[in-house]
Each structure stands twice: as C-alpha cells, then as structure tokens.
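Naming: A, B, ... by sequence-line order, numbering from 1 per chain. Every heavy atom of this structure was used, including side-chain atoms; hydrogens, water molecules and symmetry mates were not.
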There are 2 protein chains.
Amino acid sequence: MTTEKDIFHEHLKRTRLKRTDQRDLILDVFIGTEGHISVEELYELVKKKDPSVGFTTVYRTMKLMAEARLAHEVRFTDGRARYEHEYNHDHHDHFICNNCNSVIEFYSAEIEKLQEEIARQNSFKIQDHSHRIFGICSNCQEKNTSIGVAAVRSYS
Amino acid sequence: MTTEKDIFHEHLKRTRLKRTDQRDLILDVFIGTEGHISVEELYELVKKKDPSVGFTTVYRTMKLMAEARLAHEVRFTDGRARYEHEYNHDHHDHFICNNCNSVIEFYSAEIEKLQEEIARQNSFKIQDHSHRIFGICSNCQEKNTSIGVAAVRSYS
DNA sequence: CTTAGTGCAAACCGTTTGCAAATGC
DNA sequence: GCATTTGCAAACGGTTTGCACTAAG
C-alpha cells in the first residue's frame, strides 16, 4: 500500500532532492490535518512538535508537496495560500460564505464535463481549474435576516 | 441613454461621495480600455493625461467603480487585481494560458444553470463566482511541442 | 566531499493607511 | 465651513530570497 510518505520520498528521489527530518515532520503534520490549512496554521502545528523548524521551510515544503501532488493550493477570501489533501481525495470545488467564511465543497460531474467540452471547442488543453462560488451559506441566511453587503469583496 | 459616467455620478450621489476631476478622469480612461487592465496599467494611462494624479487614487477609484458595478475585479496568475468592464458586458468566465498568459473568455448557460441548481441543493445563496480554467491555449500548443511544467502554478 | 536544505533577517510586491493640505458642495 | 478627497510616504501582510551554516547522500 502506497502512503503519502512513499509518494513524497519518491518525488524527492525523482527530482534529486534530499529527505530531511523537517520535511518528514511537516508531511506528518500535514497528514494529520484536514480541510484547508494555511501555511501559518501548519507552521504553528509543526512548531509544537519541533520549535526549531523555521516557517520558511514550511513554505518551501508545501510547494514540494504540491509538486508531488499530495497537496493542492487553494485561495479563498483572505489572500493566504491554503492547502488541502490531494492524494486519495476526489476533486471538488468550493462554495465560500461571504459572511462567516465557511467553505462547502461541491462536485458536479456535469460541470466538469461541460468544462471539457468548452475547452475542446476552444482547442484549449486543460491542466487545472479553480471554481469558487461566493455568497451566503444556509446557516448565515437563517441567523441573519439582513446581511451587510457593504463593500465589493476582492477574491484573491 | 444612460452612460457609465451617469451611473458613476449616481453612485456617488447615492453614497454621498463627491465627484472630483480625478475620479472623472480615471473613469474616462477606464472607459477607453478593454480587456483586463491592472491598476498599474490604468495608472500609467491616467498619468499621460494628468501626471499629478496619484496611484493611490486610482486604487481607490477602481474600488468605487466596482461598487458601482461598472468594473469587475478579476485575478489571473500574476497576483495583481485586474478590472474588466461590467456595464453592458455579459458575464463570462476565463481560460488562462499557463504558457503565454493570454486569457480567453467563455460562457456556458448550462454551467451557470448547474451552479444555481447545486447552490439551491445546498441552500447557498450565490452572490458572485469565479471560474478560471488554466492550461495551454491552442496557439501555444501549435508553436511549442514540449511545454515545461516545471513548477506548480499558484493561482492567486 | 559535494550538493542541497535550513533558519534567520531582510527584501519584495501589491495594496492599504495615516496624515496634512486641497477641494467639493 | 464642514466633510470628503487627494498625494505622499510609510506601513502592511503574505511570500520569497540571500546568505552563512548544517546536514544528506
């Protein structure tokens, strides 16, 4: 059975990079998370296990994990990079609540298919996509009858 | 006939803000552009007409234009905010070439409909969305048989 | 022993903010 | 006249980089 650690080590070998204790630790900590974790959040968790690890290393390692297809980078409304597990996790897109910032995952085979069709019509070769739907989640709709739409949000 | 300037001035009146020469000039220059212009690009154009305008004012005015629904903010791969015309322009989404950074607009009524359906199923109230498809445009596919996929792109 | 990785501090870059002076209404 | 806007410079916040040192293979 292939583990995320195997994949990571293989990726390192293939690209002639070195295994280090820091990289292994960051991977271990990342494996223990779920959802969409920011680099800083991950750094805080790593620091608990080994306070000597620098946050630059976490940044660099997460880039490696993305290259190894273990992590997928996403961005919501706070301008930070966030990572979600990619290995053994199905692709999905996101609803993002403009009120409470919660994130709901969704998947539509039909949308995926239509994307491919339109790409084909345009002779465009898809490598990746980012489909984010912003609005108000059901929870916030119930709790708050009048939600301020003060400013136009910037979706970084 | 309602012009973009009318809409802008109405928006200012409604929100009790003031018309200024700078704001009018920036709007005029923006009206004269097409595509997806960055704040800095817009600032350079504005400077040609009036070098005394500060770039902070351009930033602030573009936010106003977005609030007035004259401009829509988008972000591709360079981390900059870009604005495209929203008034009298149909909604669309984007293909973005990872090789030459060109942008192709697309629209699918079916995808839009499916989005709404999935939102309804999740009791999510859509306010906006951002749907970006990254890959290689037809032009780059022809010209370059081997395109480097060196690093994982960060889609800001 | 050679090459890559680490941690730190400083740089970076797009964007925002504090402020005194200027302007709209 | 009062409130808003302006332009400047400085701050901000997330991320990246240069570098002397350390560690992996």
Side-chain angles (χ1 to χ4, degrees), chain A residues 8-27 36-44 46-47 49-68 71 73-83 150-156, chain B residues 8-27 36-44 46-47 49-68 71 73-83 150-156:
Chain A
F8 190 52
H9 288 169
E10 250 167 62
H11 177 76
L12 293 177
K13 201 164 269 181
R14 194 166 51 75
T15 53
R16 291 186 182 68
L17 301 175
K18 290 169 178 168
R19 189 212 63 80
T20 68
D21 291 347
Q22 291 93 328
R23 284 173 179 175
D24 277 358
L25 172 59
I26 292 162
L27 174 58
H36 323 92
I37 196 166
S38 71
V39 180
E40 192 173 350
E41 283 161 5
L42 194 58
Y43 167 62
E44 291 302 328
V46 168
K47 223 168 43 172
K49 302 243 178 180
D50 181 352
S52 71
V53 175
F55 86 132
T56 311
T57 303
V58 181
Y59 267 102
R60 290 191 274 224
T61 303
M62 289 316 294
K63 290 244 176 278
L64 276 182
M65 310 254 285
E67 275 171 40
E73 189 183 315
V74 288
R75 279 166 196 263
F76 302 136
T77 45
D78 66 355
R80 298 159 135 79
R82 291 176 175 277
Y83 290 93
V152 173
R153 272 287 184 93
S154 168
Y155 303 129
S156 46
Chain B
F8 189 52
H9 288 168
E10 249 167 64
H11 176 77
L12 292 178
K13 200 164 270 181
R14 195 166 49 75
T15 52
R16 290 186 182 68
L17 301 175
K18 289 169 179 171
R19 188 212 63 80
T20 68
D21 291 347
Q22 291 92 328
R23 285 173 177 174
D24 276 359
L25 173 59
I26 293 163
L27 174 58
H36 323 92
I37 196 166
S38 72
V39 180
E40 192 173 349
E41 283 160 4
L42 193 59
Y43 168 63
E44 291 303 327
V46 167
K47 224 170 40 172
K49 303 242 179 181
D50 180 352
S52 71
V53 175
F55 86 133
T56 312
T57 303
V58 180
Y59 267 103
R60 290 192 274 225
T61 303
M62 289 316 294
K63 290 243 175 280
L64 276 182
M65 309 253 285
E67 275 172 41
E73 189 183 316
V74 287
R75 279 167 197 262
F76 302 135
T77 44
D78 66 355
R80 299 160 133 77
R82 289 176 176 277
Y83 290 93
V152 173
R153 270 288 184 91
S154 167
Y155 302 130
S156 45

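- Between A:R16 and D:dG25, a side-chain N or O to OP1/OP2 separation shorter than 4.0 Å is absent.
- Electrostatic pairing of B:K47 and B:E44 counts as a salt bridge here, judged by a charged N lying under 4.0 Å from a carboxylate O.
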Paired and unpaired positions of DNA chain C as dot-bracket, Watson-Crick or G-U wobble under 3.5 Å, | denoting a partner strand: |||||||||||||||||||||||||
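- Distances shown here put a side-chain N or O of A:T57 below 4.0 Å from the OP1 or OP2 atom of C:dG7.
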task: Verify side-chain contact (heavy atoms from CB on, under 4.5 Å) between A:E40 and A:V58, making sure each step is shown before the conclusion.
output: CA-CA 8 Å; A:E40 192 173 350; A:V58 181; over 6 Å; no
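- Checking B:Y43 against A:D21, the closest nucleotide of DNA chain D that is more toward the 5' end is the one next to B:Y43.
- A straight line from NZ of A:K47 to P of C:dG7 spans 13 Å, rounded to a whole angstrom.
- Contact of the B:R19 side chain with the B:D24 side chain is registered, since non-hydrogen atoms from C-beta on lie closer than 4.5 Å.
- Not a single donor-acceptor pair, N or O on each side, falls under 3.5 Å between the base of D:dA23 and the side chain of A:K18.
- Between A:Q22 and the phosphate of C:dG7, there is a side-chain N or O to OP1/OP2 separation shorter than 4.0 Å.
- Across A:H36 and A:E41, no two heavy atoms sit closer than the pair O-OE1, 4.1 Å.
- Of all the heavy atoms in A:Y83 and A:A71, the pair that sits closest is CD2-CB, 3.9 Å.
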task: Quick one, give me the B/S/- string for nucleotides 14-19 of chain D, reading 5' to 3', where B means a protein heavy atom under 4.0 Å from the base and S means that only happens at the primed atoms, P, OP1 or OP2.
output: SBBBB-
